[in-house]
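Okay, structure first, notes after.
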Amino acid sequence: MSEHLINQGGIQQDLVYMAAHELKSPVTVLKAYVQMMSLKMNKAGQTDYLGITEKMDIQLDKLLNIIADLQDVTQITSGSLNYHFAELNIHESLRNCTDVLKLANPEVEIEFSLCSPDPVIKADKDRIEQVITNLTGNALKYSGSNKYLRITSTIENGNLKVCVGDKGEGISPEKLPYVFERFFRAGSADENKLPGLGLGLFICKEIISGHHGEIGVNSKLNEGSEFWFSLPLRVINQF
Ligand SMILES: Nc1ncnc2c1ncn2[C@@H]1O[C@H](COP(=O)(O)OP(=O)(O)O)[C@@H](O)[C@H]1O
Ligand SMILES: [Mg+2]
């Protein structure tokens, strides 16, 4: 690649980062106004339109997630994604993330099978919860009508392994090797109904590799998928 094109790539990255940064504040302010509006409507007993403000809030969260993904990708590309490591009870994180998911999607059934006692690792809580949110969110998004998730944690060979399984549409063997690539979407019949940039799993992979861990997937078309990640327990003192 010529130096000119490299610079142009850098300018584009900067532009995406800055545009995402600038979009974030008005959207955050808008979200605060929507929340204020629903509080005021609630207080005044005007509950007719609360469903609409709730839907606005959900859409604004989606927009904020897209903005955050764009910022993360530009940071990954420029090597400036930083981590703040501290002791983390990952089971608490699994519960936090699934509580939020359940709140927005009460119809989803989630089964847990977690190892005991709760493993404590050294990790960046926000980033690990971002991975869990992405994997559980995908499991639900690509689950079709079977809204069932199975979450397990096990200790294997000095690693903590977390699996998120679903009984959804699955991924074909030809597409499976590419799901962690930037912008890759395996494309189902319903693709148009399921918007996305194809960045979530790329970001997850980067975060897990930033924790010296591994991430992977087993999947069968029309039967379901199992996304997993593992994090080392023993080398925690190296961080
Ligand atoms: N649990 C899952 N079941 C079936 N397909 C999945 C699942 N998770 C991810 N995929 C496929 O991998 C692609 C990439 O996922 P992701 O990076 O999260 O991007 P996005 O959800 O924005 O499309 C998705 O478009 C989808 O085709
Ligand atoms: Mg996704």
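The analysis underlying the following values was restricted to heavy atoms, covering all of them including side chains, and did not include hydrogens, waters or symmetry mates. All values derive from a computational prediction rather than experimental measurement. Each ligand, and each atom within it, is numbered from 1 in the order the structure gives.
- In this structure, His91 has its ring center no closer than 6.0 Å to that of Phe112.
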Just list the side-chain donor-acceptor pairs under 3.5 Å for residues 97-105, sequence neighbours left out, or say none.
residue	atom	partner	partner atom	Å
Thr98	OG1	Leu94	O	2.7
Thr98	OG1	Arg95	O	3.2
Lys102	NZ	Val108	O	2.5
Asn105	ND2	Leu101	O	2.9

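- Residue-ligand proximity, Gly198 to ligand 1, at heavy-atom distances under 4.0 Å covers atoms 17 (O), 19 (O), 20 (P), 22 (O), 23 (O).
- Checked against a 3.5 angstrom limit, the closest N/O atoms of Ile171 and ligand 1 fall outside it.
- Here the shortest heavy-atom pairing between Thr133 and Thr136 reads O-OG1, 3.3 Å.
- Annotation: Glu169 places no N or O atom under 3.5 Å from an N or O atom of ligand 1; distance criterion only.
- A cation-pi arrangement is absent between Lys122 and Phe85, since the terminal nitrogen or guanidinium carbon is not both under 6.0 Å from the aromatic centre and inside a 45° cone about the axis.
- If you look at Asn134 next to ligand 1, there are no close heavy atoms at all, none under 4.0 Å.
- Near Leu201, the atoms of ligand 1 lying under 4.0 angstrom from a non-hydrogen atom of the residue are 9 (C), 12 (O), 14 (C), 15 (O), 16 (P), 17 (O), 18 (O).
- Ligand 1 lies nowhere less than 4.0 angstrom from a heavy atom belonging to Gly168.
- Residue Pro119 comes nearest to Leu160 through the heavy atom pair CG-CD1, 3.6 Å, listed as atom of the first residue, atom of the second, then distance.
- With ligand atoms numbered from 1 in the order given, ligand 1 contributes 1 (N) to contacts under 4.0 Å with heavy atoms of Ala139.
- For Gln130 and Asp124, the side-chain atoms include no donor-acceptor pair closer than 3.5 Å.
- For a distance bound of 2.8 Å, the N, O or S atoms of Asn138 include one lying that close to the Mg ion (ligand 2).
- Heavy atoms from other residues, nucleotides or ligands lying under 6.0 Å from CD of Gln35 number more than 12.
- Considering backbone and side-chain atoms alike, Lys141 places an N or O below 3.5 Å from some N or O of ligand 1.
- Remark: ligand 1 atoms within the under-4.0 Å shell around heavy atoms of Leu199 are 17 (O), 19 (O).
- Side chains of Asn222 and Glu169: no donor on one and acceptor on the other come within 3.5 Å.
- Compare Phe227, Phe184, Tyr178 by their heavy atoms: the one nearest to atom 14 (C) of ligand 1 is in Phe184.
- When Asp166, Leu140, Val179, Leu176 are ranked by how near their heavy atoms come to atom 1 (N) of ligand 1, first place goes to Asp166.
- Two residues are said to be in side-chain contact when any heavy atoms from C-beta on lie closer than 4.5 Å; Ile76 and Gln71 fail this criterion.
- At a heavy-atom cutoff of 4.0 Å, ligand 1 is contacted by both the backbone and the side chain of Ala186.
- Residue Gly196 approaches ligand 1 through these ligand atoms, each under 4.0 Å from one of its heavy atoms: 22 (O).
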